[in-house]
Asks: 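Before anything else, here's the structure in question.
Order of listing sets the numbers, starting from 1, for every ligand and every atom in it.
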Amino acid sequence: MDFELTEEQQMIRDMARRFAESEIKPRAAELDAKHEHPAEIVKQLGELKMLSITVPEEYGGGGMDNVSYVLALIEVSKACASTGAIMSVNNSLYCYPVMAYGTHEQKMKYLYPSTSGEKIGCYGLTEAGAGSDPSALRTTAIRDGNEWVINGEKKFITSGNVASYAVIAVLTEKGKGYKGISSLVIDLESTPGFKVGKVEEKMGILASGTAEMIFEDARVPSDALLGKEGEGFRQMLTTLDGGRIGIASQAVGIGRAVLEEALEYAKTREQFGETISSFQAIQWKLADMATELDAAELLTLRAAWLEDNNKPYEKAAAMAKMYASDITMRASIEGVQILGGYGYCKEYPMERHMRDAKICQIYEGTNEIMRLIISRNLIKGR
Ligand SMILES: Cc1cc2nc3c(=O)[nH]c(=O)nc-3n(C[C@H](O)[C@H](O)[C@H](O)COP(=O)(O)OP(=O)(O)OC[C@H]3O[C@@H](n4cnc5c(N)ncnc54)[C@H](O)[C@@H]3O)c2cc1C
């Protein structure tokens with residue numbers, strides 16, 4: 001067993017850390033307050049290949065491994081969880097399925113432009129009636145000559161209000177349940193019949209847009225189909241396994257910010273003539289946070305390593321996502337407590353971390369669904 005990172009992995013982590021510290025962190029509070037998509041930062045992330053870290057260089061990506069992706073996403077999410085969410089979706093939920101299931105032509109047409117940051121992608125699975133149970137989705141795509149005609153509405157789509165591309169799950173054959181689901185990759189800007197619906201007012205990750213995507217007799221060319229008809233459900237399950245490594249990384253990043261800021265505050269805030277870090281009640285909170293965060297990061301890196309080494313990683317990814325988001329939620333609540341009244345006010349970023357942490361327990365499968373996945377794997381002896 002080797003806990004050392006390779007030179008390349010250290011390099012990308014350090015580069016991401018420098019960029020996050022200097023370009024992202026100083027703007028995070030303002031972006032959150034204005035609910036503003038960080039367009040300029042996203043463009044710069046694209047130039048650094050951070051929106052397509054594992055995409056081979058021939059398609060415009062970084063050509064690196066999933067461990068590098070985790071390391072970079074932790075740094076970005078530590079600075080700004082909203083930017084982390086946008087980066088995670090482009091890497092895991094847009095680039096991955098096009099890479100894994102697309103043809104060379106599809107990759108050149110739909111993937112290459114999304115690696116530069118000029119244009120980004122999103123992933124449309126959820127619908128009003130299909131959340132934890134995506135097999136209940138109702139959006140249809142019917143063949144008409146050389147086109148697919150799409151009708152339906154996707155809900156809660158990260159970057160759905162700003163993305164130029166989307167991978168969406170649709171029913172291409174009704175009455176076949178999940179076996180009738182297929183994936184389409186779409187250039188949204190040249191799709192008549194597509195429009196952005198309501199943009200949600202949320203609790204956290206406020207600089208990351210969450211939008212409805214509405215398709216009304218929307219027409220896309222026949223080359224939009226990813227893989228074969230009926231393979232969409234299986235593709236979606238694998239895409240989400242990788243996506244959960246991204247959510248775990250986001251959670252670890254938020255948790256790292258919480259620990260760093262709580263520690264700094266505890267070392268300087270004085271009450272009763274001493275710094276509050278001298279009180280055992282505060283020390284224990286910090287010790288629990290640090291230990292649980294290390295465990296979460298190791299689980300996340302293990303899941304990424306398994307993926308890099310072509311070993312099964314469904315259970316490991318679910319464990320990492322569930323544990324990292326649960327302990328980061330807890331840490332952020334304690335972080336607010338350590339800062340007392342200041343933790344509750346916007347003068348410090350701690351209240352933002354607490355709002356941002358919550359979504360990691362919900363999206364890309366709630367933590368109840370993670371527990372189902374983990375236990376199913378256990379029972380099957382995996
Ligand atoms: C900010 C944000 C961004 C998002 N981004 C995207 C995106 O980019 N693309 C996308 O497709 N979706 C996205 N989503 C959707 C997200 O993945 C879903 O909200 C999530 O999967 C839960 O679905 P739901 O909201 O319909 O909850 P429901 O499925 O209705 O669940 C409600 C509650 O019931 C529990 N529950 C449901 N089924 C079970 C069960 N079998 N056993 C035990 N408990 C159960 C859940 O855990 C939860 O606590 C996003 C959501 C948000 C809020």
Asks: Please determine, by modelled atom types, if Tyr96 and Asp241 share a side-chain donor-acceptor pair under 3.5 angstrom.
Replies: no

Asks: Between the protein and ligand 1, which nitrogen or oxygen pairs come in under 3.5 Å, and how far apart is each?
Replies:
residue  : atom   : partner : partner atom : Å
ligand 1 : 5 (N)  : Phe156  : O            : 2.8
ligand 1 : 5 (N)  : Thr158  : OG1          : 2.8
ligand 1 : 8 (O)  : Thr158  : N            : 2.9
ligand 1 : 8 (O)  : Thr158  : OG1          : 3.3
ligand 1 : 9 (N)  : Tyr123  : O            : 2.8
ligand 1 : 11 (O) : Leu125  : N            : 2.9
ligand 1 : 11 (O) : Thr126  : N            : 2.8
ligand 1 : 11 (O) : Thr126  : OG1          : 3.1
ligand 1 : 12 (N) : Thr126  : OG1          : 2.6
ligand 1 : 14 (N) : Phe156  : O            : 3.2
ligand 1 : 17 (O) : Glu364  : N            : 3.4
ligand 1 : 29 (O) : Ser132  : N            : 2.9
ligand 1 : 29 (O) : Ser132  : OG           : 2.6
ligand 1 : 47 (O) : Thr366  : OG1          : 2.6
ligand 1 : 47 (O) : Glu368  : OE1          : 2.7

Asks: What side-chain hydrogen bond (donor to acceptor under 3.5 Å, both in side chains) pairs are there with at least one residue in residues 13-25, not counting sequence neighbours?
Replies: Arg17-Glu75

Asks: Can a donor-acceptor pair be found, under 3.5 Å and without considering hydrogens, that links the side chain of Gln235 to the backbone of Leu226?
Replies: yes

Asks: Going by the rule ring pair (Phe, Tyr, Trp, His ring centres under 6.0 Å), which residues pair with Tyr101 if we only count those two or more places apart in sequence or in a different chain?
Replies: none

Asks: Is it true that Arg330 and Glu334 make a salt bridge, defined as a side-chain N closer than 4.0 Å to a carboxylate O?
Replies: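 Result for this pair is no, no salt bridge flagged.
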
Asks: Test of understanding: with ring pair (Phe, Tyr, Trp, His ring centres under 6.0 Å), list the residues that count as partners of Tyr323, not counting sequence neighbours.
Replies: none

